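Every chain is numbered from 1 and lettered A, B, ... according to where its sequence line falls, protein lines coming before strand lines. Everything quoted here is computed from the prediction, not taken from an experiment.
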There are 2 protein chains.
Amino acid sequence: MTSYKLDAFQVVADPSRRHILQLLSKDSLTIGALAENFEMSRPAVSKHIKILNKAGFISIQDIGRERYCILKQDGFDQLQEWIDHFDGFWLSKLQKLEMVLENKANGK
Amino acid sequence: MTSYKLDAFQVVADPSRRHILQLLSKDSLTIGALAENFEMSRPAVSKHIKILNKAGFISIQDIGRERYCILKQDGFDQLQEWIDHFDGFWLSKLQKLEMVLENKANGK
DNA sequence: ATAATATGTAACTTTTAGGTTACGCAAATA
DNA sequence: TATTTGCGTAACCTAAAAGTTACATATTAT
């Protein structure tokens, strides 16, 4: 089952979290290693990680006292799924409606 | 030029705004018509529309005293662009790293 | 001309998200 | 065994986001 507790879009709305994901796309990193890339404190990063995990954007591997954060596809899939709903839209319905409205605006 | 003033992900993070976009994918609607689909007040919808417009998710056609909101692709493109950055990732790098870490975790 | 309608905006309130510091705990190290 | 390291969490603060009501304005209808 893949029902995550957080709204993927709300989770990825935060620029810091997007930055974290970018870093993780190049390397799996521990919390501390991630924190070195930010000005914010380590506990702040820790919170973001918890959120990213709950939303399915990362998985976590505990190795001793270290936590390796690993990019995970599920969160991204949630984003993509919603965006895909709009795909069929662009080329058919829209252009006709715009035409109609433009004509109406010009009093034709 | 397509440099919008708002972060597309932050804009689409709000569930009400996503709902607005869904409604607009079926029909171009005025502010008032949109507001009928929500419990919130019309001015609240009006604010969301302003934001969606600034971020390139909709365009607006003024017809007399009415404002028709029309779905627009630019905002969605911004979302897609970011997501696409991660596409090359999944099948190559990730799986190897996970293997390495799992072995390390098991002390192999 | 007057009334009704569709909307934008200002001022305000409330909630929440993101940050901090301080602390505790388990694992690694000396 | 004592110390350091890596991390989670609680308590707290602050700023911003999302909502409200009240009002102003322009267009349409009577």
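Side chains of A/Ile70 and A/Leu24 form no contact here, defined as non-hydrogen atoms less than 4.5 Å apart. Counting only heavy atoms from C-beta outward, the side chains of A/Trp82 and A/Asp77 never approach each other to under 4.5 Å. Looking at A/Pro15 and B/Gln10, their side chains come closer than 4.5 Å, going by heavy atoms from C-beta outward. Using a 4.5 Å cut-off on side-chain heavy atoms (C-beta onward), A/Asp14 and A/Val12 make no contact.
Here D/dT27 presents its P atom at 16 Å from CD1 of B/Ile31, a figure rounded to the nearest Å. Put simply, CD on B/Glu66 is 9 Å from P on D/dT28, counting in whole angstrom units. Protein atom CD1 of B/Ile63 is 13 Å distant from nucleotide atom C1' of D/dT27, rounded to whole Å. Going from atom CG of B/Asp62 over to atom P of D/dT27 covers 10 Å, rounded to whole Å.
To the nearest 0.5 angstrom, A/Cys69 atom SG is 5.5 Å from A/Leu34 atom CG. Atom CG of A/Asp62 and atom OH of A/Tyr68 lie 11.5 Å apart (nearest 0.5 Å).
The stretch residues 45-56 of chain A comes close to DNA chain D through A/Ser46, A/Lys47, A/Lys50, each having a heavy atom under 4.0 Å from the strand. For DNA chain D, none of the residues of residues 7-17 of chain A falls under the heavy-atom distance limit of 4.0 Å.
For DNA chain C, the contact window with chain A, defined by any atom under 4.0 Å from a protein heavy atom, covers C/dG18 to C/dA28 in 5' to 3' order.
In this structure, B/Asp7 pairs ionically with A/Arg18, as a charged nitrogen and a carboxylate oxygen lie closer than 4.0 Å.
Closest approach of B/Ala8 to B/Gln78, counting heavy atoms only: CB-CB, 3.8 Å.
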Donor-acceptor pairs under 3.5 angstrom involving side-chain atoms of residues 47-58 of chain B: please list them, not counting sequence neighbours.
unit_1, atom_1, unit_2, atom_2, d
B/His48, ND1, B/Arg17, NH1, 3.0

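Heavy-atom distances to DNA chain C give each of A/Glu39 and A/Arg65 a nearest nucleotide, and the one nearer the 5′ end belongs to A/Glu39.
With sequence neighbours excluded, no residue forms a side chain to side chain contact (heavy atoms under 4.5 Å, CB included) with A/Arg65.
Pairs engaging residues 30-40 of chain A under the side chain to side chain donor-acceptor pair (under 3.5 Å) rule: none recorded [sequence neighbours left out].
With hydrogens and angles ignored, a donor-acceptor pair under 3.5 angstrom links the side chain of A/Arg42 to the base of D/dG8.
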